[in-house]
Amino acid sequence: MTDIGVGMIGHGFMGKTHSMGYRDVQLIADAEVPRPRLRTIYGRNAEKLEVARESYGWETTTTNWCTLIDDPEIQLIDNAGPNDLHVEPTIAAAKAGKHVYCEKPLGPSAADAFAMWQAAENAGVKHMCAFNYRFFPALRLARQIIQDGEIGEIYHYRSQFLVSSSLGKTRQLSWRDSKAAAGAGALGDLAAHHIDLSRYLLASDPQSVSATTRVKVTTAEDGSPVETDDQFAGLFEYGNGALGVVEASRVAGGHLVTSRIEVDGSKGSIAFSMQQLNELRVAGPDKAFRTIPVIRDGDPFQSGWFPAGHPLGWVDTFGHEAVHILGAVAGLHDVAPHGASFRDGYFCNEIIDAALRSAAGGKRVAIAYRDLVRDAAA
Ligand SMILES: NC(=O)c1ccc[n+]([C@@H]2O[C@H](COP(=O)([O-])OP(=O)(O)OC[C@H]3O[C@@H](n4cnc5c(N)ncnc54)[C@H](O)[C@@H]3O)[C@@H](O)[C@H]2O)c1
C-alpha cells in the first residue's frame with residue numbers, strides 16, 4: 001500500500017493532536033495500513049504556520065486552503081479548523097474526490113452537516129467525523145459489554161462534561177463564542193462528544209429533547225459579546241426507551257476537564273471517567289461496582305502499543321483515529337460503526353439544533369432526522 005498524502009486545515013489544538021496521531025501510525029498500525037505523508041498544512045498566519053509545520057512535521061504550508069484541494073498528491077483532507085470552516089473546504093475536497101476526515105461537531109448547523117454528508121456520499125469518498133471518544137479502549141469495551149447484553153435492557157444514559165474555560169480575567173474572545181462560527185457553545189463543543197457517544201454505546205437515537213442553555217459569562221475581557229452557551233442541560237428520550245441526561249459547562253469553577261458517563265441497565269451498570277481512562281467500572285446484579293483495568297492482553301488497541309499493563313493516554317485516541325481513517329481509505333474496513341461517519345456527524349448536529357430550539361422555546365422538541373437518499377432526490 002502506497003502512502004496517503006494528507007492535507008490539513010488548522011494548526012491549533014486539534015491540528016497538533018491530529019499531527020501526533022499521524023506520527024503514531026508508524027508505531028501502532030499493522031503493516032497493511034497505509035502510512036500518512038504529511039504533505040501540506042493550512043493556516044492564515046504564515047509565521048505561526050511555519051512554526052507549526054516544523055514542530056508537527058509537515059512538508060509544506062499554504063495560506064490558501066484551495067491549494068490542498070488542487071494538489072494531486074493529497075488524497076485525504078483532515079479538517080481541524082473552527083466549525084464554520086469545516087463546511088466549504090470539506091465539501092470542495094469531497095467533490096474533488098478526496099477522502100475527508102473532519103473534526104466535531106461536523107458543522108455549525110444540521111443543514112451544513114447534512115450538505116457535507118451528502119457531498120461525501122455523492123462523491124463516493126470515505127468520510128469520518130472525529131468523535132475521538134469512540135477510540136478510548138474502555139469505551140470500546142463498554143460498547144461490547146452493552147451489546148452482549150451483560151447489563152440488560154438499557155434504561156439510563158447519564159453524562160457530564162465540565163470545564164471552567166469561560167472563567168477568569170484572561171477570558172479571550174474566540175471563534176467558540178460566535179454563533180456563526182461555532183453553532184453552539186458548551187453544547188456543541190463538549191456535550192456533542194457525549195451525545196455521539198450515547199448513540200454509539202446504546203445503538204439508538206434520541207427521539208426528543210428538553211433542554212436549557214445559559215450564557216453565564218456574557219463578555220470577553222475586551223468587552224466583546226459571548227453569543228454561545230456556557231451551560232447546557234438536556235433530557236433525551238431514545239428510540240430504545242432509554243432516558244438520557246447530558247450536562248455540559250464551561251463555568252464549572254473547580255473543573256479543569258471532567259468528563260464522565262454512566263449507563264444503567266436492568267442487570268447492571270457501567271461507569272467511565274476520562275480522568276481514569278484506562279479503567280471501566282462495571283456492576284452486575286450483585287450491585288457491586290468492580291474496576292476493570294482495560295490494559296490487559298486482548299483489550300482494544302493494547303496490542304498495537306505495549307505489553308499488557310502499560311496505560312495509554314487521551315492523546316492516543318488520535319493515533320487510533322488516524323489508523324482507522326487510513327485503514328478505511330485502503331478498504332480494510334468501513335468507517336462505521338466504530339468510527340463516526342458523516343452520517344453520525346449529521347445526526348449529532350441535528351440533535352444539537354433540536355436542543356437549541358428546545359432551549360429557545362422552553363419546551364420539549366421532537367427530533368426528525370433527514371434521509372439522505374429521499375431528501376437528495378427531492
Ligand atoms: N476531538 C476533540 O477532542 C476536540 C477538542 C477540541 C476541539 N475540537 C474541534 O476541533 C476543531 C478545532 O478546534 P481547536 O480547539 O483546534 O481550535 P483552535 O482555536 O485551537 O484552532 C483552530 C485553528 O483554526 C485557525 N482558524 C481560526 N479561525 C479561522 C478562520 N476564520 N479561517 C481560517 N483559519 C482559522 C486557527 O488559527 C487555528 O489554527 C473544532 O471543530 C473543535 O470543535 C475537537
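When a ligand or atom number is given, it counts from 1 through the structure's own listing order. Because the structure is a prediction, the values reported are computed rather than measured.
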Exercise. Does the ring center of F135 lie less than 6.0 Å from the ring center of H324?
Worked result: yes

For this session: Answer yes or no: is there an ion pair linking R176 with D189, defined by an N-O contact shorter than 4.0 Å?
Result: yes

Exercise. Starting from atom 16 (O) of ligand 1, which protein heavy atom do you reach first, and at what distance in Å?
Worked result: M14 N, 2.8 Å

For this session: Would you mind running through ligand 1 and noting each atom that sits below 4.0 Å from a heavy atom of P105?
Result: 43 (O)

For this session: Would you kindly say whether T90 and H127 are connected by a side-chain donor-acceptor distance under 3.5 Å?
Result: no

Exercise. Between R250 and D177, is there a side-chain N and carboxylate O pair less than 4.0 Å apart?
Worked result: yes

Problem set entry | Y42 contact mode with ligand 1 (heavy-atom cut-off under 4.0 Å) | side chain

Problem set entry | Region of T17 that comes within reach of ligand 1 [heavy atoms, distance under 4.0 Å] | neither

Problem set entry | Nearest neighbour in protein (non-hydrogen) for atom 24 (O) of ligand 1 | P82 CD, 3.3 Å

Exercise. Are T291 and E279 linked by a side-chain donor-acceptor pair shorter than 3.5 Å?
Worked result: no

For this session: Specify side chain, backbone, both or neither for D189, according to which of its non-hydrogen atoms lie closer than 4.0 Å to ligand 1.
Result: side chain

For this session: Would you mind checking which non-hydrogen protein atom is closest to atom 44 (C) of ligand 1, with the distance to 0.1 Å?
Result: E103 OE1, 3.0 Å

Problem set entry | Geometric N/O contact G15 with ligand 1, under 3.5 angstrom | no

Seminar exercise, completed: atom 18 (P) of ligand 1: closest protein heavy atom, distance to 0.1 Å, is W175 NE1, 3.9 Å

Exercise. Quick one: do K216 and D229 make a salt bridge, cutoff under 4.0 Å?
Worked result: no

Seminar exercise, completed: Counting from 1 in the order shown, the ligand 1 atoms closer than 4.0 Å to a non-hydrogen atom of H86 are 41 (O)

Exercise. Who's the nearest protein heavy-atom neighbour of atom 15 (O) of ligand 1, and how far?
Worked result: R176 NH2, 2.8 Å

For this session: Taking all non-hydrogen atoms of both residues into account, name the closest pair between F232 and V246 and its distance.
Result: CE2-O, 3.5 Å

Seminar exercise, completed: When distances are taken from atom 32 (N) of ligand 1, the protein heavy atom at minimum range is R44 CD, 3.4 Å

Exercise. Do H194 and Y133 have their ring centres less than 6.0 Å from each other?
Worked result: yes

For this session: Could you tell me if any non-hydrogen atom of G43 lies under 4.0 Å from any atom of ligand 1?
Result: no

Problem set entry | Which atom of A328 lies closest to which atom of V335, heavy atoms considered | CB-CG2, 3.7 Å

Seminar exercise, completed: For N132, the ligand 1 atoms with a heavy-atom partner under 4.0 Å come out as 1 (N), 2 (C), 3 (O)

Problem set entry | Contacts of D344 that satisfy side chain to side chain donor-acceptor pair (under 3.5 Å) - sequence neighbours left out | R199, S341

Seminar exercise, completed: Going by chain and number, the hydrophobic cluster around V251 (ILVMFWY, side chain to side chain under 4.5 Å) further includes L167, V217

Exercise. Are the charged groups of R39 and E59 less than 4.0 angstrom apart, N to O?
Worked result: yes

Seminar exercise, completed: Nearest non-hydrogen protein atom to atom 11 (C) of ligand 1, with distance, is G81 O, 3.2 Å

Problem set entry | Protein contact to atom 20 (O) of ligand 1 [nearest heavy atom, distance to 0.1 Å] | F13 N, 3.0 Å

Seminar exercise, completed: Nearest heavy atom to atom 42 (C) of ligand 1, choosing from M8, H193, K104, E321, belongs to K104

Problem set entry | ligand 1 to G12 polar contact by distance, N or O atoms, under 3.5 Å | yes

For this session: Record the part of A181 in heavy-atom contact with ligand 1 below 4.0 Å; permitted values are side chain, backbone, both and neither.
Result: neither

For this session: Cation-pi check, R143 to Y200: give yes when NZ or CZ is under 6.0 Å from the six-membered ring centre and within 45° of the ring axis, no otherwise.
Result: yes

Problem set entry | N83 neighbourhood, listing ligand 1 atoms whose heavy-atom distance to it stays under 4.0 Å | 40 (C), 41 (O), 42 (C), 43 (O)

Seminar exercise, completed: If we number the atoms of ligand 1 from 1 as shown, the ones under 4.0 Å from a heavy atom of A130 are 1 (N)

